[in-house]
Amino acid sequence: MLVSDVIVENNKILEIADFAITDTVEFRSMNSAVRSTRNYSALNAGNVKSSKRILFRRGSVFYGKSEEISDELKRNQEALKIGFNKFKIIQS
């Protein structure tokens, strides 16, 4: 079960999971050179939109082999550092 929104590089998690109850949300960020940026609200040469990513919403549930699913969710270490990709394994 996802405790936070999850960023995955590809949708491989959907291939790994046997079944999923999930919803997605679109996400973009701003890419800028911090030292040269003066106006963060304007899209200029220093600030550009990132490519669109699809996030799985918190509360989503993936059923399948827990080790393979958790390995896929842990793959993006940068997302873990900023609070994304948090999950809880629930065993029956």
Side-chain angles (χ1 to χ4, degrees):
M1 178 178 197
L2 303 184
V3 180
S4 69
D5 290 344
V6 167
I7 302 170
V8 291
E9 295 303 318
N10 53 36
N11 288 334
K12 185 177 180 185
I13 193 166
L14 293 176
E15 296 172 11
I16 294 171
D18 296 331
F19 180 76
I21 300 171
T22 186
D23 192 15
T24 58
V25 62
E26 294 179 356
F27 176 80
R28 285 185 191 256
S29 61
M30 297 293 292
N31 295 331
S32 67
V34 176
R35 293 173 195 240
S36 64
T37 301
R38 300 285 182 247
N39 183 359
Y40 286 92
S41 64
L43 288 175
N44 56 30
N47 298 333
V48 294
K49 288 182 184 179
S50 69
S51 59
K52 188 186 317 182
R53 291 180 176 242
I54 303 296
L55 278 65
F56 291 103
R57 286 188 186 236
R58 68 178 174 261
S60 297
V61 179
F62 294 91
Y63 297 92
K65 295 180 181 171
S66 58
E67 291 175 8
E68 291 180 19
I69 293 171
S70 65
D71 288 346
E72 188 63 31
L73 294 173
K74 292 177 187 175
R75 189 177 307 275
N76 189 340
Q77 289 296 310
E78 291 79 20
L80 286 167
K81 290 177 185 175
I82 61 172
F84 288 100
N85 292 28
K86 305 286 183 182
F87 63 94
K88 176 103 176 141
I89 297 175
I90 301 171
Q91 302 270 337
S92 57

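Nothing fancy with the numbering, it's 1 onward along the sequence.
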Between [X] and [Y], is any pair of side-chain heavy atoms under 4.5 Å apart?
X     : Y     : result
Leu80 : Gln77 : yes
Asn85 : Phe87 : no
Val61 : Phe19 : no
Phe84 : Asn76 : no

* To do: For Arg57 and Leu2, work out which heavy atoms get closest and say how close.
  =>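 Scanning both residues, the minimum pair turns out to be O-CD1, 3.6 Å.
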* Asked: Taking all non-hydrogen atoms of both residues, which atom of Ser4 and which atom of Lys86 are closest, and how far apart?
  ->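 The answer is OG-N, 2.8 Å.
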Working to the nearest 0.5 angstrom, can you tell me the gap between [X] [atom1] and [Y] [atom2]?
X     : Y     : atom1 : atom2 : value
Glu15 : Glu68 : CD    : CD    : 11.5 Å
Phe62 : Ile89 : CZ    : CD1   : 13.0 Å
Lys65 : Asp71 : NZ    : CG    : 12.5 Å

* Asked: Hey, quick one: are Ile69 and Ile21 part of the same hydrophobic cluster, counting side-chain heavy atoms closer than 4.5 Å, chains of contacts allowed?
  ->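 Per the 4.5 Å side-chain linkage, Ile69 and Ile21 are not co-clustered.
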* Phe27 reachable from Val25 in the ILVMFWY side-chain graph, under 4.5 Å edges ->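 Looking at the clustering, Phe27 is in the same group as Val25.
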* What residues, two or more places apart in sequence or in another chain, satisfy salt bridge (charged side-chain N to carboxylate O under 4.0 Å, His left out) together with Asp18? -> none
* To do: Run through Leu14, Ile7, Asp23 and flag the one making a side chain to side chain contact (heavy atoms under 4.5 Å, CB included) with Phe56.
  =>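 The option that passes is Leu14.
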* Residue that, paired with Arg58, satisfies side chain to side chain contact (heavy atoms under 4.5 Å, CB included) out of Asp5, Val6, Val3 ->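 Among Asp5, Val6, Val3, the one meeting side chain to side chain contact (heavy atoms under 4.5 Å, CB included) with Arg58 is Asp5.
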* Asked: Would you call Arg75 and Glu72 a salt bridge, taking side-chain N to carboxylate O under 4.0 Å as the test?
  -> yes
